[in-house]
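Okay, so here's the structure we're looking at.
Counting from 1, the numbers follow the sequence of the chain as shown.
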Amino acid sequence: MARDGDRLGQGAPGEPAKGRGPNSSGEYSQADYHHPSAGWGAAVSVGKIIAKAQEPLAAPRAVLQMNQLRLNSKGGGFDCPGCAWPDDRKGLHLDFCENGVKHVTWEMTRKRTDAAFFATHTVAELNKWNDHDLENQGRLTEPMSYNPATDKYEPISWADAYKMVGDALRALPSPHEASFYTSGRLSNEGTFLYQLWVREYGTNNLPDCSNMCHEASGRALQAAIGTGKGTCDLEDWENSDLLILMAVNAASNAPRMLTSLALAADRGADIVHVNPLIEVASQRTIVPHDFKAMGTFHATKTGTMNIQPRIAGDLALLRGVAKVVLEQGAVDEHFIAEHTDQYEAYRKTVEDSDWAELVHQSGVPEEQIRELGAKYVASKRTIIAWCLGLTQQEHSVDTMREIINLLLLRGMIGHLGAGPSPIRGHSNVQGNRTCGVNHHPTEAWLAKHDAATGIVSPRERGLGTVDTIEAMRDGRVKVFISVGGNFALAAPDTEQTFAALRNTELTVQVSTKLNRSHLVHGKKALILPCLARSEKDFRGGKEQGVTIEDSMSYVHLSYGKRKPPTEHLESENAILCGMARATLPGSATPWEAYAEDYDKIRDTMSHALDGFEDFNKRVHDGIGFRLAQPARERVWLTASGKAEFHSSPLPDVVPPEGRLMLSTVRSHDQWNTTIYSDNDRYRGVKNIRTVLFMNREDMTEHGLSEWDLIDITSHARDGETRSVYGYRVIGYDTPRGSVTGYMPELNVLCALTDNSSQSEQPLTKHLIVEVTPAATA
Ligand SMILES: Nc1nc2c(c(=O)[nH]1)N[C@H]1C(S)=C(S)[C@@H](COP(=O)(O)OP(=O)(O)OC[C@H]3O[C@@H](n4cnc5c(=O)[nH]c(N)nc54)[C@H](O)[C@@H]3O)O[C@H]1N2
Ligand SMILES: Nc1nc2c(c(=O)[nH]1)N[C@H]1C(S)=C(S)[C@@H](COP(=O)(O)OP(=O)(O)OC[C@H]3O[C@@H](n4cnc5c(=O)[nH]c(N)nc54)[C@H](O)[C@@H]3O)O[C@H]1N2
Ligand SMILES: [Mo]
């Protein structure tokens, strides 16, 4: 049954939609941003954030310990819980950014969401609050259990909470009737414990945020080069002469990358940004820890060329570049002969592609494609990096395979300054996969894992994110457990996801702050509050650290530095061991020992996981280690033993007459479902989130003027339509036919059926929509 508040962000016919942010009362506005990224704008913003968190002294101190790797046995801070961009391994400079500071200060707040708070508010009431206000109540302080009689959450002891989880799971006729979600900030150790518990219990139902994020990248890389990760390291970023940055809003979502871009520009590298929007990272930056640059307002260029393809037009663009390479005879014949397979078929596919069609599908003029082609042919060391603008589409895997095709043509993998470099999202989303959160593990992975842990893992394929929602909706999954994240809002088709979660017997959320997923719950529901990464974790009489794997496969320890908000919080590792023991009373796995000493978890991991040999020694003795990436050494773990070219058909991505292609993105002031404010500084937007960025000619064609109220209707594969009402249109520099708006509000438009046949990912950047002047009520 739907509740009041479910439609936040969706609006109602005839009314302006409110959005999930704070709904600031100030006037909304938009003006183009003409300043460099980062620099003083970011510094001022950091000051405001710290003031808002009421932590004027402690926050800056904590920030200085962020991303400082343990250079000796005494030093070492915690890994920024924000994005997965690697830390500065030379320890030369302060390594944080505005959005990292926002992220960690949000977690350090003095405010508390305690038992007294829950005693005064029913779930029905809280559900009407916006998502900013929910999280802004502060840190959760003790375990809470839902009481349907009062419609309130009430305190429960840790022991009783674990028992409730264990009893519910043991009562299920089949372990496949439970599903276990992970959000990408869970540590490697936590991940390993989680999947061990789930597999020992008997299922591979391990959906994760990666299913909505970079699943497609993993699949493309796995198929093409034999391992599902990028091959580049920061050192490569420091040595490339051509960086092609696709589909990322770096200044907001991986801001520490700006430093690498500024360094690249300084040494004269070409930096090409491929994005339907001209994001600020493609312009200029002032590197915040470069005090001289800050003092003199010296901005460095961070881009040398902008290409604006239509949404989903990248495959055609990349193929055009490949065509230039072939036309100019610039292929690396030696590399191709020695290291690759299926070249002839690919060459024919490229030669057969017609320029007019490539231009039409990409939305990029032939001269511009040729210009990029010429840059590529001239380059000795090219990196192609990408983020979500390529992954959340139907042809996502094919598009990333085209990136690899292009790199293979010129032997741009496995030498300094070159290679594919996916930009991951959550700080440990890559480590989650490495350490076993995967609903489709390989037999080889399971065999090694089982030999080391002594369990017998199930072999059936498990449920991913979309399958889990469908299974909950249909009553096939009755218990839903989530370690981190905010599944209710992050997932597509908000209405169906809410109905699915409410159809379960038990939902369990391990969280730091109150969010929508606590309010959209099963018949029984638990909130289990945990320590955050910035906080000290003392167990078994000693300070415990956990490890993280960054976007470039570097594994290192992270030690929390702050006093926890209350003494009632448990670490994620301890909570996982508690739930596991309650589920598996006779288990031979040493859950109690694991919870008391994380070195013991690492000892087991060193036998269970490739590349983690001598794990404890390697992380305790230095600043960590880079996981071997065979493709980096030109060892291809594919069936053929070679890197695979792939000839995919050119998809038709031009929206049908009268319709537009919608991509849903983040603002500068949000972390996925966590919304700090209604502003989006770099896109010049103030005080509003319920907007749609649209090409001005498209607006004219639709009879729309700036700020007009509009309704947006998606046309899904299931044949149904879904609408949001009362949005406002903003004229923006974007190709015709391509429109952009904010997640998570617009998730309502993405049907469950609209997921990629190549990656299972929801098509949250590939939605066919119709935009009409707002209906009157
Ligand atoms: N501050 C902050 N940092 C974050 C996050 C956050 O929410 N806030 N989220 C984290 C997570 S989990 C992730 S996965 C990453 C996400 O990082 P991003 O991928 O930057 O995330 P989005 O905001 O979705 O932006 C997608 C970008 O792709 C572009 N785009 C859309 N469609 C296309 C297309 O078809 N082709 C091309 N070439 N470009 C396209 C959009 O215009 C936009 O610039 O950031 C991580 N870091
Ligand atoms: N339409 C649309 N939908 C999308 C996307 C999109 O681009 N468009 N992007 C997708 C992507 S890339 C991703 S990664 C997902 C994100 O999906 P999730 O990872 O599920 O969502 P988050 O918003 O990152 O989760 C925020 C919550 O995490 C909890 N939390 C914070 N820190 C900790 C911690 O240290 N431990 C624990 N246990 N909990 C913590 C807090 O309670 C907070 O409310 O969303 C996806 N959804
Ligand atoms: Mo993500």
- Message: My understanding is that only residues two or more places apart in sequence, or in another chain, count here; which of them pass side chain to side chain donor-acceptor pair (under 3.5 Å) with S587?
- Response: E200, T589, W591

- Task: Count the heavy atoms of every other residue, nucleotide or ligand shown that sit under 6.0 Å from CD of E495, and state whether that count exceeds 12.
- Result: no

- Looking at side-chain heavy atoms only, is the closest gap between F480 and F180 below 4.5 Å? no

- Query: Does the ring centre of W158 sit less than 6.0 Å away from the ring centre of Y162?
  - Reply: yes

- Whether T109 side chain and W106 backbone form a donor-acceptor pair below 3.5 Å: no

- For atom NZ of K523, decide whether the heavy atoms of other residues, nucleotides or ligands shown that lie under 6.0 angstrom number more than 12. yes

- Message: Is any side-chain heavy atom of E592 closer than 4.5 Å to one of R581?
- Response: yes

- Message: Looking at K448, I'd like to know if its NZ atom is crowded, meaning that more than 12 non-hydrogen atoms belonging to other residues, nucleotides or ligands lie closer than 6.0 Å.
- Response: yes

- Think R618 forms a cation-pi with F625, using NZ or CZ under 6.0 Å from the six-ring centre and within 45 degrees of its axis? yes

- Message: Tell me whether R602 is salt-bridged to D599, with the criterion being a basic N under 4.0 Å from an acidic carboxylate O.
- Response: yes

- Message: Going by the rule side chain to side chain donor-acceptor pair (under 3.5 Å), which residues pair with S187 if we only count those two or more places apart in sequence or in a different chain?
- Response: none

- Item | Residue pairs, two or more places apart or on separate chains, that pass salt bridge (charged side-chain N to carboxylate O under 4.0 Å, His left out) and touch residues 137-150 | R139-E535

- Considering residues at least two apart in sequence or located in another chain, which fulfil the side chain to side chain contact (heavy atoms under 4.5 Å, CB included) criterion with S183? Y181, R185, H426

- Counterpart residues, side chain to side chain donor-acceptor pair (under 3.5 Å), relative to Q544 (two or more places apart): none

- Task: Using a 4.5 Å cut-off on heavy atoms from C-beta on, say whether the side chain of F117 contacts that of L126.
- Result: yes

- Message: I'd like to know if the side chain of H518 reaches the main chain of N515, judged simply by a donor and an acceptor atom lying under 3.5 Å from each other, with no hydrogens or angles considered.
- Response: yes

- Note on the structure: By side chain to side chain donor-acceptor pair (under 3.5 Å), D151 pairs with (sequence neighbours left out) R3, Y146

